[in-house]
Amino acid sequence: MPADLPRLTRSEAPRPNVGIVHLGLGAFFRAHGAIYVAEAMAASGGDWGILAASLQSPGTRDALKPQGYAYSALQAGPEGDTARVIDVIEDMIVAPEDPSALVAAMADPRVKIVTLTVTEKGYCHDPATGDLNLSHPDIAHDLHNPLPKSAPGVLVRALATRRVAGLRPFTVLTCDNLPENGKIVRRTVLTLAAALDPDLAAWIEAEGRFPSTMVDRIVPATKPEDLDRVEAATGHHDAAPVIHEPFRQWVVEDDFVDDARPDLGAVGVNLVADVAPFELMKLRMLNGTHSALAYLGYLAGHGTIADCAADPVFARFVQHLWRHEIIPVLTPPPGTDLHDYAAALLERYRNPAIRHRTWQIAMDGSQKLPQRILGTLREAKTPCPGLCLAVAAWMRYVGGTDEVGQPIDVRDPLAAELRRLADSGSTASETVPALLSLRAVFSEDVAQKIAAPVTEAYATLLTKGARAAAQEIAG
Ligand code: CS2
């Protein structure tokens, strides 16, 4: 990096008031929701400045604060990069440093919406059933401590504070890749609230709003080398830019407390009565194949999704998954042709300007597989050898050793347990049933249905390797 480049700073333009608190500020929200909100304010006005919060670490705050929370968003497409400055985050709180400040900020009467990207595991629910996990350490903490740690805990305490103050609740707008994500966050909040104060739970149930959303934009974690790329495009030093693909989509259930929301419809957000068909399409077709490529591609030595898509075997494999295994059990959302959607996905995966690591997507598989892959397997009327191979590849991956004997850095809240189960046998017919017994991931019916084909796929992985196994299916 040339040392003399000026640091990005925020503009001197008048600021809107904060109307949104965002929990879990990562690259995805900065490249997706924050941009839509900035555009909606530019189009139609409104006080929708964003107060961001991290529920974990100070890294993003420390990088963004010296630049006034402005950052560059670099759109990276096959035709080249274009950069713009996003200037919609007003301030940032790191909750572990001061949880009461976050709760107080969320109880500000000007705040109308709390958006979330806390990842699948941030809801502290059981991915197989959707129930709040009351023995999760953060939930156990939040049940006995007024200064919360978990996302559901923060929401409940802030809603409680608003109720006591005689305020309306805020709308809870989750932007995580979960099916019926609004219902999931609502359930976790109501369960926790009921355990603390049944009257509070009744108020939230009656007055609260938890619209479901489908969010889509491929935004890999920013890598150190990306900083140079952004500097070359902008002439500024930015300690925390985001890199994203051109495509974006946001489908939102139009159900907000007192209808208070930015003018999202003016900037291309699809406001609908029922998000479910959009969510299922995106979770199963995009995220499902992302996860399949992540495990198989990683084992086959591919570092990124673009590398997988450039390999003819994996390109054919993923088309097989869409055409023969996933699309047959989906209901297309209104106005959508699922085969066109699949073709567009393959083009997005091929984008050579986006380096989305298979290792990154492979993270937290125990929280991702149910909604991405197992739902399709549950509903399938015909054999699904490709998705069963993906499940087997996940099992191989969480065993912690790759095909050339190198250790895998497995990141998953259940990593230790997964490793123990994977190590409990040495053959496919020992290892696969051990992992399928994990009820937090595999419900009984799914485990039974897929036991034989996943065992077969796992054995093929052991003898032939991931690429040859994918080739057998893709032809
Ligand atoms: C990816 C998603 O990391 C992952 O698990 O599958 O982040 C994916 O890129 C986005 O959902 C695309 O909208």
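Each ligand, and each atom within it, is numbered from 1 in the order the structure gives.
In summary, E120 and R372 engage in a salt bridge, as defined by a charged side-chain N under 4.0 Å from a carboxylate O. Taking 4.0 Å as the cut-off between side-chain N and carboxylate O, D91 and K65 do not count as a salt-bridged pair.
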* Steps toward side chain to side chain contact (heavy atoms under 4.5 Å, CB included) verdict (L436, I450) -> CA-CA 9 Å; L436 286 177; I450 68 177; 3.9 Å; yes
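Contact between M363 and ligand 1 is absent, with no heavy atom of the residue lying under 4.0 Å from the ligand. Remark: distances from the non-hydrogen atoms of R217 to ligand 1 include one below 4.0 Å.
Those atoms of ligand 1 with a heavy atom of K368 less than 4.0 angstrom away are 3 (O), 4 (C), 5 (O). Here is the list of ligand 1 atoms found below 4.0 Å of a heavy atom in N177: 11 (O). Close approach of ligand 1 to K282 (heavy-atom distance below 4.0 Å) involves ligand atoms 10 (C), 11 (O), 12 (C), 13 (O). Those atoms of ligand 1 that come under 4.0 Å of a heavy atom in H356, given as number and element, are 9 (O).
Within the 3.5 Å criterion, the main-chain N or O of F247 finds no donor-acceptor partner in the side chain of R348. When atom types are taken as modelled, the side chain of K149 and the backbone of L55 share no donor-acceptor pair closer than 3.5 angstrom.
When non-hydrogen atoms are compared, ligand 1 lies under 4.0 Å from neither the backbone nor the side chain of Q367.
Nearest protein heavy-atom contact of atom 2 (C) of ligand 1 is N287 ND2, 3.6 Å. Closest to atom 13 (O) of ligand 1 among all protein heavy atoms lies D216 OD1, 2.6 Å.
Ligand 1 has an N or O atom lying under 3.5 Å from an N or O atom of H290, backbone or side chain.
Residues H356 and H290 place their aromatic rings such that the two centres sit under 6.0 Å apart. Ring-centre distance between Y298 and H302: not below the 6.0 Å cut-off.
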